[in-house]
Undergrad: 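Before I ask anything, let me first share the structure, which is written out below as structure tokens.
Computation of the quantities below employed the complete heavy-atom set of this structure, encompassing side-chain atoms and omitting hydrogens, waters and symmetry-equivalent molecules. From a predicted model like this one, the values you see are computed outputs, not experimental measurements.
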Amino acid sequence: MDDRDHPTPPGRRRAAERLTPPARLELTRRPGNGPDASLLGDLAGALVVELGCGSGHNLAHLTTHGARCVGVDSNPVKIHRARTLYGHLPRLQFRHESAADCLRGLRPGSVDACLSIFGAFSFIDPRPLLAAVAIALRPGGRLLIVLRADDRHDYITVLTRR
């Protein structure tokens, strides 16, 4: 989720502030609906990379499950906002770079879960990104992709690395 999901009323500007992690992982455009973080399995000590992290809300939540999280976004404004909101949290870092470049910079087989919640897989050619994910994920690691199906429905897909 980002500012498009909770727009600021006209004439008002949202102040950037440190936030506490959200109470739940939001995988759909309808907050409170859809699966929760248990879809990703045990996250204690897991390395989770979000490809197109936006404001970082979902990764902030996953840190409450003990995950070490890396958020990557090609938009510098979103990375700045994520760092402002959640940069104070331990086990959470944000990177301004392409999703594929971030994954290629990690040790092969070191990632436990990759997320793209209306993220990188929504905007770029998926082939090079899938190749980078396949190398970065450990055997048994999960790739979670959420895409818009239409104006009211979303697709949630979870793939497991062999």
Undergrad: For a side-chain contact (heavy atoms from CB on, under 4.5 Å) check, start with the C-alpha distance between Leu103 and Leu51, then their side-chain angles and the critical distance, and finish with the verdict.
TA: CA-CA 9 Å; Leu103 291 170; Leu51 311 171; 3.9 Å; yes
Undergrad: What closest approach, in Å, do Pro22 and Ala60 show between heavy atoms, and which atom pair accounts for it?
TA: CD-CB, 4.0 Å
Undergrad: Is it true that a side-chain atom of Thr28 and a backbone atom of Arg30 form a donor plus acceptor pair closer than 3.5 Å?
TA: yes
Undergrad: If we check side-chain contact (heavy atoms from CB on, under 4.5 Å) with Glu50, which of these qualifies: Val72, Asp73, Ile117?
TA: Ile117
Undergrad: When you measure from the centre of the six-membered ring of Tyr155, is the NZ or CZ of Arg148 under 6.0 Å away and within 45° of the axis?
TA: no
Undergrad: Could you go through Asn58 and His61, starting from their C-alpha distance and side-chain angles, then the distance that decides it, and tell me whether this counts as side chain to side chain donor-acceptor pair (under 3.5 Å)?
TA: CA-CA 5 Å; Asn58 283 318; His61 171 74; over 6 Å; no
Undergrad: Just verifying a value: how many Å separate Cys69 SG and Leu115 CG, rounded to the nearest 0.5 Å?
TA: 8.0 Å
Undergrad: Applying the 4.5 Å side-chain criterion to the ILVMFWY set and letting contacts propagate, would Ile156 and Val48 be lumped into a single cluster?
TA: yes
Undergrad: Are Leu147 and Leu130 connected, step by step, through hydrophobic side chains (Ile, Leu, Val, Met, Phe, Trp, Tyr) whose heavy atoms are closer than 4.5 Å?
TA: yes
Undergrad: Which pair of heavy atoms, one from Arg83 and one from His96, lies closest together, and at what distance?
TA: NH2-N, 4.1 Å
Undergrad: With rounding to the nearest 0.5 Å, note down the distance linking CZ in Phe94 to CG in Leu89.
TA: 7.5 Å
Undergrad: Once rounded to the nearest 0.5 Å, what's the spacing between atom SG of Cys114 and atom CG of Leu47?
TA: 8.0 Å
Undergrad: For Ala120 and Leu129, work out which heavy atoms get closest and say how close.
TA: CB-CD2, 3.7 Å
Undergrad: Apply the test side-chain contact (heavy atoms from CB on, under 4.5 Å) to residues Thr157 and Leu144: give CA-CA distance (whole Å), side-chain angles for both, the deciding distance (0.1 Å), then the verdict.
TA: CA-CA 6 Å; Thr157 302; Leu144 181 144; over 6 Å; no
Undergrad: Thinking salt bridges, do Arg138 and Asp112 make one under a 4.0 Å N-O criterion?
TA: yes
Undergrad: Determine, using the 4.5 Å side-chain heavy-atom cutoff (strictly less than), whether Leu19 and Leu25 are members of one ILVMFWY cluster.
TA: yes
Undergrad: Please indicate whether His80 has more than 12 foreign heavy atoms, meaning atoms of other residues, nucleotides or ligands, lying under 6.0 Å from its NE2.
TA: no
Undergrad: A side-chain contact here means heavy atoms from C-beta on lying under 4.5 Å apart; do Pro90 and Thr63 qualify?
TA: no
Undergrad: Contact between His65 and Leu40 at the side-chain level, heavy atoms closer than 4.5 Å - yes or no?
TA: no
Undergrad: Does Val158 belong to the same Ile/Leu/Val/Met/Phe/Trp/Tyr cluster as Leu59, with side-chain heavy atoms less than 4.5 Å apart forming each link?
TA: yes
Undergrad: Taking the side chain as everything from C-beta on, heavy atoms only, tell me whether Leu62 gets closer than 4.5 Å to Thr64.
TA: no
Undergrad: Just by distance, do the side chain of Arg29 and the backbone of His153 share a donor-acceptor pair under 3.5 Å?
TA: yes
Undergrad: Quick check for you: to the nearest 0.5 Å, what is the distance between Cys53 atom SG and Lys78 atom NZ?
TA: 9.0 Å
Undergrad: Assess the residue pair Phe118 and Asp154 against the criterion (side-chain contact (heavy atoms from CB on, under 4.5 Å)); give the C-alpha distance rounded to whole Å, side-chain angles, the decisive distance to 0.1 Å, and a yes or no.
TA: CA-CA 9 Å; Phe118 310 113; Asp154 303 320; 3.6 Å; yes
Undergrad: Heavy-atom distance under 4.5 Å between the side chains of Leu27 and Leu39, does that happen here?
TA: yes
Undergrad: Do Arg95 and Ile79 have side chains that approach each other closer than 4.5 Å (heavy atoms only, starting at C-beta)?
TA: no
Undergrad: Main chain of Phe121, side chain of Ser116: is a donor-acceptor contact present, judged purely on distance under 3.5 Å?
TA: yes
Undergrad: Find out whether Tyr86 and Arg18 are in side-chain contact, i.e. whether some heavy atom of one side chain is under 4.5 Å from a heavy atom of the other.
TA: no
Undergrad: Testing the basics here: between Gly32 and Arg24, what is the closest heavy-atom pair and its distance to 0.1 Å?
TA: CA-NE, 3.5 Å
Undergrad: Looking at side-chain heavy atoms only, is the closest gap between Val133 and Val111 below 4.5 Å?
TA: no
Undergrad: So do Leu143 and Leu137 actually touch side chain to side chain, heavy atoms under 4.5 Å?
TA: yes
